[in-house]
Every structure is written in structure tokens, then in C-alpha cells.
Amino acid sequence: MIYRDAHHHRVSLYHFLLLAGSRIKPLQQVHCQIITSGKTTSLPLVTKLLTSACAAKAIIYTRQLLFSIPNPDSFLFSSLIKTSTKHSFPRDSLVFYRHMVHCNVECSNHALTAVIKACASLSDLGAGKNVHCHVIVFGYGLDLFVQAALVSFYAKCNELDVARKVFDEMPQRTLVAWNSMISGYEQNGLADEAIKLFNCMRDSGVEFDSVTMVSVLSACSQLGALGLGQWIHEYVNRNGLYVNATIGTSLINMYGRCGDVIKAREVFESLNQQNVITWTAMISAYGMHGYGKEAMEIFHLMKLHGQSPNAVTFVAVLSACAHAGLVSEGRLAYASMIQNYQITPRIEHHVSMVDMLGRAGLLNEAYQHIQDMNPIKPTAAVWTAMLGACKMHKNITLGVVAAENLLAIEPHHPGHFVLISNIYAMAGQMDRVEMVRNVMIQKGLKKQVGYATIEVDKKTYLFSMADTSHPETDTIYRYLDELIERCREVGYTPAFESVMHEVEEEERVHALRYHSEKLALAFGLLRTEEGSIIRIVKNLRVCEDCHIAFKFISVVTKRKIIVRDKLRFHHFEDGSCSCLDYW
DNA sequence: CTAGGGTTAG
């Protein structure tokens, strides 16, 4: 039978399928034509019909159709497995793969990479290991595509050692394999490993691409490795590479999280293409530095440009408001999110709201917000924000309520015990402080190890509390003692409150004086040019005493000091901090 | 007739 389209051209059924695209009604019409013209055994036709139906999200139809085909071939299966993962039916990919094995259809590297990708998107380690066995049995163990897929699969399942083993055993490492391994480390928070491997890649003479750079920039953001991040940016400029939205976002985020928000803005302004992600990254960069006004300006500009904010944008906006004390702006944004953009608040939005209200001293309102979150259950992050605000405004009653809720949710988190202990100490209930400490000892909980990093000459140095591992330890400690003395002369007195939880009395003074961020600062001051900016990254929140000391140190050394802590940035200059002690 | 692995904001 010959079919004609609207223009009376002769067209094939295959062409009709192409015209139907991924619309289910036209696809079913073509399906009827396939049946009536007796073409149901034409595998190219049926394959196209199947993958199109899958793309149309008609997964039940797709499934029924597949099981009605008498002789599906290898190509049909691999296409279908790939398509169903792509359109978020990874479970069906596994079903189709099992059916393929069951039908004794010859396996292919296409089918295997597709099903491994499905396992990765499900983070289903067991299923993936099972497929890995098939890979070996079917003789695809040395296939470069399959191996790269396995590397990213194991990395996705947090099995980095296994991923690395597969990677190391590859006869040749393709660019994609390097990228999978580097991104695997970065995604699992092992930024230093990612950078190590990147250096290894360069040493092996392998050319990297923009995907590599995105992962490495992300690793730089985690570590605050501004030098390496700048190197990547220079590389992009030197080679005249086009900065698309993805690499642009990575650069904005890197500069923002490495403390150079001016440079982040420069990159943002230079972009030819902006999307919701680039706008959000810029808002977030301003927000974490406490530049609330600038963050809101970008937010308004974004809307003027016709770009709709999404749920993530509002997390950035609300968090910017929280860090800058912009309560009325934050309230307006929250209301607008619900009313104008039909975005249902998620837990992250609630955390920011509680944080914003709480920091501003509106503790009852913050508490009420938690009560009104229904049906969403408050998480540890919500109570941590509440507790932090109670500590800031010395509200012991609500602080204890927050603390008890926090402990009920995460009874083994050492950081919570420290916060709770601080609340009791503030209330003068030293018996309770003692009790909390005993529970910690009893549960075998150790305080989280605080550490600070600083980059000097493109190399990152890590310091932990009372660290003596550095070869220049003596010089650093002597210089730090001298600095503290000079600060004392101009009015600094140590704030002991932040070491209330240290186990032994004599450890307090010592711990305070040799906190990781102080060691990193002393090292940085010794090893960098007079007048240059010092940048430090701390894994936990900066402690009260270090915060006070750094203000004095910025005066006596005439240096600008930028510290990124767990939550935000602090810019110390001429004796004050950009957070205005509002952190 | 038909295809494949990796990456981006809180």
C-alpha cells in the first residue's frame, strides 16, 4: 500500500513515524497502519515505534508492544533500553534488559552501556554488579565504552575504590573515562582526589575538554582553590574557547565560592547566553558573601529579562535575605514564590525562612513557621537554624526546645551536642553541660575535626587544630603568639565561650589559641606578599574567638582576610567583618 | 533506513 501525505507525496510508514514524533495519538494511528499493511515483522519500523512511544512517556503501551514482538533483535533492545533511561524509566530499562537476556538475544556493548547507565541513575549497586558480571561473561570486559560507563556507575554508587580499579585496569583511558573518574571524585566530595587525578591527566599528556574543566572548577569551589580556578579561566581565554552557560556557571560558582565575587560578576556580565542556572549562581554568589542588596538586584534584573525563577532560585534568594537581614524582602519573595510562581515551598525554603526570621530576632515567628510547615516534617537543618538563632539572641527556652528536637532527629551527630552544650552553658546550667559531655563520651562521639585550608602559590595547605605536622610549625606558632600579643595590646581578649565543650580545662586556652583557622592565617601572613588578600576556607563555622581575633589581626597586619566557613563568607578589613557579626 | 560512555546552580 502506498501512503500520501497532505501534499500528495508518496511517503513510507517510517516517514509517518518520524512525522508523529513523540505524540502518542499519531503514533497509535501509524501502529494501526503497520498492522493493517502486514508490516509487523519489520524490525526497523517496530523499533522506531517502540522508542517513540517510550519518548512519548507511554511506558505501559511500550511494554505491551515489546512483549508482543516475536523476534526482537539486538538493535531493538539496545535502542529501547537507552531510550527508557533517557526518559526517566530506568526501572523499565532493567526489565527490558532482563527480557533481552531471557530471549537469548545477542548482547551488545550498546545494550550494556545503556543498562549500566540505568543502574547508575537508580544508584542500584546490586543490579549494576550483576550487569558487570554479564559484561565479563559476554566478553565486553575490555570494551572502552562499557568500562567508562562502569567507572561512572561505581562512582555514582559511592564505590570510588571500585570505580578507580576499573579505571586503572583500562587498557587505554579515553577522555570520557578520565572525566568520569574526575567527576566521580568531585561529586563525592573528594575534591583533592579530583584535582590530583586532573594533574595526573595533564602529566599523561591527555588533552582535557570543557567537561573536565566543569568538574575541576567544581572541585576548586569545594576547596577554595582560587589559583587553580584562575588557571582554568586563563586557559579558556588563552585558547579562545567559547564560554557557554555551563562553563560560565562553573566559573561564576568557582569565583563566588573562592571569595572573588567581583570576578564572578565579571564572568556573569561577559556571558552571551544566560539561563535560570547562571542567574541563580550569581544570586547565590552575592548571597553567601552577605551582599543581600546586590543579590536582590540580580533577582529583579532576572525577572525584567523575562527569566522565570525556579525553586532553586528562591533558595538562593531567601538565603541571601537571611544572611543580610533583609526580612521584609525575604517575606515578599517567599509569598511571591507561592502566589506568582506556583512553587510549593520545599524543606530548603523553610530552612532559609527559619534562619532569616531567627537571625533577625523574630524567634517566636521562626518557631511558628516550623509549626506551620505541615505536612513537611522539620529536618535537622531546620532545628539547627532555630538553635543557632536562639544562641545568637540568647533565648534559652526556645533553644532547649530546638536542641531536644534536633537530638531526637540525629542523636549521633557530634556537632549538635556542641551546640546544645553551648546553650546550656549560656544559661549557666553547668550541670547540664557536664551531662551532655558525659553522654558524648559515653556514645563515643568525637567533636568533628575542624580544619582550615589556605592556598599559597597554587598549592593548598591544610591545618587542623594544634597541628604540628607542617615543617614550619615552630615559625608559625611563634609568629601566631606574637600576633596574638600585638592584638592584646590593642584590646583583644579571648572569648572562651566557644570552647566550653573542650574536655580538659588546660586544653581550652591551647585549643583556642591554635585553632586551625588561626594557624592557616599565620602561615598565610608569613608566606604571602605584604598587603595581599588572605583567603582561608574552614570546614565548620568560624568560631567566636577566631572571628574576634581576625578583626584585630586585620588591623595590626593591615591585611584584608577573607574566610569562607561552612555557611558563608566573612571579609575582615580594618577591624570589622562584612557579616557585621550577624552570622 | 535506525544508536553508544562523561558535565552545570542550593
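What you see below is based on every heavy atom in this structure, not just the backbone, and it leaves out hydrogens, waters and symmetry mates.
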Between Lys165(A) and Asp161(A), is there a salt bridge with N-O shorter than 4.0 Å? no
Should Lys196(A) and Asp192(A) count as an ion pair when the cut-off is N to O under 4.0 Å? no
Please list residues of residues 175-207 of chain A whose heavy atoms come under 4.0 Å from any atom in DNA chain B, ordered by number; otherwise none. Val176(A), Asn179(A), Ser180(A), Ser183(A), Gln187(A)
Under a 4.0 Å heavy-atom cutoff, the residues of residues 211-229 of chain A touching DNA chain B are Val211(A), Val214(A)
Between [X] and [Y], a side-chain donor and acceptor under 3.5 Å:
{"X": "Asn340(A)", "Y": "Ser336(A)", "result": "yes"}
{"X": "Ser250(A)", "Y": "Asn253(A)", "result": "no"}
{"X": "Gln273(A)", "Y": "Tyr242(A)", "result": "yes"}
{"X": "His305(A)", "Y": "Gln274(A)", "result": "no"}
{"X": "Ser352(A)", "Y": "Asp355(A)", "result": "no"}

For Phe198(A) and Trp178(A), I'd like to know if the aromatic rings sit close, meaning centre-to-centre distance below 6.0 Å. no
The side chain of Arg257(A) lies closest to which of these nucleotides: dA9(B), dG5(B), dG10(B)? dG10(B)
Taking the side chain of Phe145(A) as its heavy atoms from C-beta onward, which of dT8(B), dG5(B), dG10(B) lies nearest to it? dG5(B)
Table of protein N/O atoms under 3.5 Å from nucleotides 1-3 of chain B N/O atoms:
from	atom 1	to	atom 2	distance (Å)
dA3(B)	N3	His110(A)	ND1	3.4

With heavy-atom distances below 4.5 Å as the criterion, would you say the side chains of Phe299(A) and Trp279(A) are in contact? no
For a 4.5 angstrom cut-off between non-hydrogen side-chain atoms, does Gln28(A) reach Tyr61(A)? yes
Rounded to whole angstrom units, what separation is found between the [atom1] atom of [X] and the [atom2] atom of [N]?
{"X": "Asn310(A)", "N": "dT8(B)", "atom1": "CG", "atom2": "C1'", "value": "13 Å"}
{"X": "Met254(A)", "N": "dT8(B)", "atom1": "CE", "atom2": "P", "value": "16 Å"}
{"X": "Tyr140(A)", "N": "dG5(B)", "atom1": "OH", "atom2": "P", "value": "16 Å"}
{"X": "Met170(A)", "N": "dG6(B)", "atom1": "CE", "atom2": "C1'", "value": "11 Å"}
{"X": "Gln172(A)", "N": "dG5(B)", "atom1": "CD", "atom2": "P", "value": "19 Å"}
{"X": "Leu567(A)", "N": "dG10(B)", "atom1": "CG", "atom2": "P", "value": "13 Å"}
{"X": "Gln274(A)", "N": "dA9(B)", "atom1": "CD", "atom2": "C1'", "value": "14 Å"}
{"X": "Leu112(A)", "N": "dG4(B)", "atom1": "CG", "atom2": "P", "value": "16 Å"}

Using a heavy-atom cut-off of under 4.0 Å over every strand shown, decide if Ser284(A) touches base, sugar-phosphate, or nothing. sugar-phosphate
Would you tell me if any nitrogen or oxygen in the side chain of Asn253(A) comes within less than 4.0 Å of OP1 or OP2 on dG10(B)? yes
What orientation do Phe314(A) and Tyr341(A) show, parallel under 30°, tilted 30 to 60°, or perpendicular over 60°? tilted
Is there a donor and acceptor pair closer than 3.5 Å between the side chain of Thr174(A) and the base of dG5(B)? yes
Under-3.5 Å donor-acceptor pair between Asp209(A) side chain and dG6(B) base: yes
From Glu186(A) CD over to Asn179(A) CG, what is the distance, rounded to the nearest 0.5 angstrom? 11.5 Å
